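Just below is one structure, and these are the notes that go with it.
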Amino acid sequence: MEVRIYPTADAAAQGAADAVAVLVAAKPEAVLGFATGTSPMPLYRELARRVAAGLDLSRVRGFALDEYVNLSPEHPGSYHSVISREVTEPLGMRPGSVTVPDGTAVDLELACEHFERLIARAGGIDLQILGIGTDGHIGFNEPTSSLASRTRIKTLMPSTRADNARFFASIDDVPIHCVTQGLGTILEARRVLMLASEESKAAAIAAAVEGPVSSFCPASALQMHPHVVLFLAAAAASKLQQIDYYRYVQEHKDGWRVPRDGPARQDWEIVKR
Ligand code: F6R
């Protein structure tokens, strides 16, 4: 796992937006995985700013990570609403180009299987954008989620419902169940970037990066993935034991490169398959 530390959330978002821009330049029809919640919003805002300045994301397709069960897609707190409001519209993507898990399907288990098939049919996810919960969840894979799990129904931890109550009139309105991509699904994305900016995430970040791989901290499963970069504001990095080393790596990141003939393949570039 590569850890990049920035003074602010906006600076971290710039780094993450560079990664998205490099990928989309190499593969305009890239498939992105979109997290919702607060953490990726500075990235989406920065991408919207670049779209207004000429970045073209109109051919990008995507998949959301999760959705609440039995919450109307029209509810402003539903991830269907968040994805249209914060992603597809401001980023100039085609309406419907981001598929969100269906939390209102009559047969939810079948809908989960269908969602997995849609990802496979799209050729898999090129770049998954993640936030992290205070309990270490990614997507809504709460602690003790199987490291091999696929898209399925989960029960939210009371602490996650409390964290997300800010998007609802009261905590009682936060659904108890959700549908989420599994850890196995997330681990199949070709690249993963994670954003975290708040001090409240520092313990989860430390457990994910430096703790054992354990379903007790679902984000620690990312240690098994070959291409994960964390874009952290300093507050979210504040509990990392090896923080000096990560800063040192960041500072010397490209120091090993020697000039060669021809353009070097850029970081984040994924060659079209
Ligand atoms: C949401 C998601 C969650 C959030 C996490 C952090 O689609 O996948 O894992 O990323 O709950 O949420 P925020 O960023 O609101 O603190």
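In listed order, ligands and their atoms are each counted from 1. What you see is a predicted model; the values in this text were computed from it and never measured.
Partners of Leu147 by side-chain contact (heavy atoms from CB on, under 4.5 Å), not counting sequence neighbours, listed by chain and number: Leu183, Val213, Ser215, Ala221.
Through chains of ILVMFWY side-chain contacts below 4.5 Å, Phe63 is grouped with Val31, Phe115, Leu118, Ile119, Ile125. As a member of the Ile/Leu/Val/Met/Phe/Trp/Tyr network built from side-chain separations under 4.5 Å, Leu108 groups with Val69, Ile153, Val179.
Side-chain atoms of Thr88 never come within 3.5 Å of backbone atoms of Arg94 as a donor-acceptor pair (strictly under, hydrogens ignored). Looking only at distances, a side-chain donor or acceptor of His225 sits under 3.5 Å from a matching main-chain atom of Ala189.
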Could you pull out the N/O contacts under 3.5 angstrom between ligand 1 and the surrounding protein atoms?
unit_1: ligand 1; atom_1: 7 (O); unit_2: Thr36; atom_2: N; d: 2.9
unit_1: ligand 1; atom_1: 7 (O); unit_2: Thr36; atom_2: OG1; d: 2.7
unit_1: ligand 1; atom_1: 7 (O); unit_2: Asp66; atom_2: OD1; d: 2.7
unit_1: ligand 1; atom_1: 7 (O); unit_2: Asp66; atom_2: OD2; d: 3.4
unit_1: ligand 1; atom_1: 8 (O); unit_2: Asp66; atom_2: OD2; d: 3.0
unit_1: ligand 1; atom_1: 9 (O); unit_2: Gly139; atom_2: N; d: 3.3
unit_1: ligand 1; atom_1: 9 (O); unit_2: Gly139; atom_2: O; d: 2.6
unit_1: ligand 1; atom_1: 11 (O); unit_2: His137; atom_2: NE2; d: 2.6
unit_1: ligand 1; atom_1: 14 (O); unit_2: Thr38; atom_2: N; d: 3.2
unit_1: ligand 1; atom_1: 14 (O); unit_2: Ser39; atom_2: N; d: 2.8
unit_1: ligand 1; atom_1: 14 (O); unit_2: Ser39; atom_2: OG; d: 2.4
unit_1: ligand 1; atom_1: 15 (O); unit_2: Thr38; atom_2: N; d: 2.8
unit_1: ligand 1; atom_1: 15 (O); unit_2: Arg166; atom_2: NH2; d: 2.8
unit_1: ligand 1; atom_1: 16 (O); unit_2: Lys201; atom_2: NZ; d: 2.6

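Ring geometry for Tyr68 versus Phe140: interplanar angle of 30 to 60°, hence tilted.
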